[in-house]
Amino acid sequence: MNLLVVGASGFLGAEVCRQAVAAGHRVVGTYHSAAVAVPGVAPRRLDVTDRAAVRALLTGVRPDAVVATPYRYDDWAVTADGAAHVAGAAAEVGARLVHLSSDALHAGRPTPYADDDVPTPVHPYGAAKAAAETAVRALDPGALLVRTSLIVGEGSKQIQLCRDALAGRAVLFTDEARCPVHVADLAAAVLELLPTELAGPLNVAGPEAVSRAGMGLLVARHDGVDAGGLKTTTIAGAGLHRPAQVVLDSARATGLLRTRLRGITELYGCACTHSLHCPCA
């Protein structure tokens, strides 16, 4: 397979590239500032906000499939417009598109979100991810939209945030629950889904919900460090307006995939303090 990974220098994009190269695929990976550091990947610099440049790249590469992971948290043009440009170009060249979306497009509620639940964003990044999905579905109806959650593993920003909180350099929320997924599991799932004809949104996240504070305790146990210094607060206590409990129901994906989506307690070991923040409490 001739695969194009848009955002190949990112955490997930690089892992998709590594696994695709190992599987024998021909891989072209794009980057914007940080170069692609995966052996066997042909790097191409790309600004996804430049529609003409995106179209020229896809026309030149003629990929069989595209995995699109570009985002910038505070940049609508990259997250929303960039996704639209990639989708339009992929449709033009007839490439299979898997677009990476996020649980950030949901507002949060006590019950889990199904694959096809309508986005209800409450902050700019969530709105950008929702707009990206709308554009992708309009421009390429056959595209698969993988909605995922916090991506963990060595090198993950989410794990580093936990370590920073344990060192007193950051704060974790006790009331913000997500379904973390390991980067290797998510990348394998994405590559497994590429040859399918699945279209529309599909939740692909870990099977366990945990608060950010609970994840901090798990990382402390995993690293063998004292969790006594863990700094926590609530979303309201921090004066923020952001989704609290966002649990993705990934049952459909679990039934479709050979790849096993491991839970956070399997990955990092249960803290077993049975405190308010412990995921097994």
Side-chain angles (χ1 to χ4, degrees), residues 1-8 10 12-13 16 28 30 32 44 46-107 113-149 186 189-191 193-205 243 246 248-250 252-253 256:
M1 178 173 58
N2 185 13
L3 175 65
L4 173 65
V5 179
V6 180
L12 175 60
V16 171
V28 175
T30 76
H32 184 253
R44 298 286 189 276
L46 179 67
D47 179 356
V48 294
T49 67
D50 184 338
R51 184 189 307 178
V54 173
R55 186 179 184 188
L57 178 66
L58 269 81
T59 300
V61 173
R62 307 295 299 187
D64 301 310
V66 178
V67 174
T69 71
Y71 83 96
R72 191 175 295 147
Y73 190 79
D74 58 351
D75 194 325
W76 182 282
V78 170
T79 304
D81 298 341
H85 297 161
V86 172
E92 282 187 16
V93 301
R96 164 65 162 165
L97 174 62
V98 173
H99 165 80
L100 268 295
S101 190
S102 169
D103 59 7
L105 50 69
H106 293 307
Y113 285 93
D115 299 285
D116 56 357
D117 272 330
V118 176
T120 52
V122 296
H123 56 47
Y125 178 63
K129 294 301 287 187
E133 280 199 2
T134 299
V136 170
R137 297 185 80 172
L139 293 166
D140 189 351
L144 178 64
L145 287 66
V146 170
R147 291 177 176 173
T148 194
S149 190
L186 181 56
V190 166
L191 290 171
L193 290 164
L194 272 177
T196 73
E197 296 182 358
L198 290 171
L202 179 70
N203 293 337
V204 183
V246 181
L248 297 182
D249 181 351
S250 299
R252 181 173 172 232
L256 292 168

Heavy-atom donor-acceptor pair, [X] side chain to [Y] backbone, under 3.5 Å:
| X | Y | answer |
| --- | --- | --- |
| Thr30 | Gly7 | yes |
| Ser101 | Leu145 | no |
| Thr148 | Val204 | yes |

Within a strict 4.5 Å, meaning less than it, do heavy atoms of the [X] and [Y] side chains meet?
| X | Y | answer |
| --- | --- | --- |
| Leu186 | Val146 | yes |
| Leu3 | Leu191 | yes |
| Val16 | Thr69 | no |
| Pro243 | Val122 | yes |

(request) Look at the rings of His106 and Tyr113 and say which category their plane angle falls in: under 30° parallel, 30 to 60° tilted, over 60° perpendicular. (result)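 Geometry flag for Tyr113 against His106: parallel rings.
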For residues 81-100, which side-chain donor-acceptor pairs fall under 3.5 Å, sequence neighbours excluded?
| unit_1 | atom_1 | unit_2 | atom_2 | d |
| --- | --- | --- | --- | --- |
| His85 | ND1 | Val48 | O | 2.8 |
| His85 | ND1 | Asp81 | O | 3.4 |
| Glu92 | OE1 | Arg55 | NE | 2.7 |
| Glu92 | OE1 | Arg55 | NH2 | 3.4 |
| Arg96 | NE | Leu194 | O | 3.1 |
| Arg96 | NE | Thr196 | O | 3.3 |
| Arg96 | NH1 | Gly142 | O | 2.9 |
| Arg96 | NH1 | Leu198 | O | 2.8 |
| Arg96 | NH2 | Leu193 | O | 3.4 |
| Arg96 | NH2 | Thr196 | O | 3.1 |
| Arg96 | NH2 | Thr196 | OG1 | 3.2 |
| Arg96 | NH2 | Leu198 | O | 2.9 |

(request) Determine the minimum heavy-atom distance between Ser102 and Tyr125, stating which atoms define it. (result)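 Shortest heavy-atom contact: OG-CE2, 4.3 Å.
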(request) Kindly state each residue pair satisfying salt bridge (Lys or Arg N to Asp or Glu O under 4.0 Å) with at least one member in residues 120-137, sequence neighbours excluded. (result)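 As it turns out, the salt bridge (Lys or Arg N to Asp or Glu O under 4.0 Å) pairs with a partner in residues 120-137, which skip direct neighbours, are Glu133-Arg147.
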(message) Just to verify, which of Thr59, Leu57, Leu58, Asp64 counts as forming a side chain to side chain contact (heavy atoms under 4.5 Å, CB included) with Val61?
(response)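 Testing each of Thr59, Leu57, Leu58, Asp64 against Val61, the sole residue satisfying side chain to side chain contact (heavy atoms under 4.5 Å, CB included) is Leu57.
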(message) Under the rule for side chain to side chain donor-acceptor pair (under 3.5 Å), what residues qualify as partners of Asp249, not counting sequence neighbours?
(response)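 Expected list: none.
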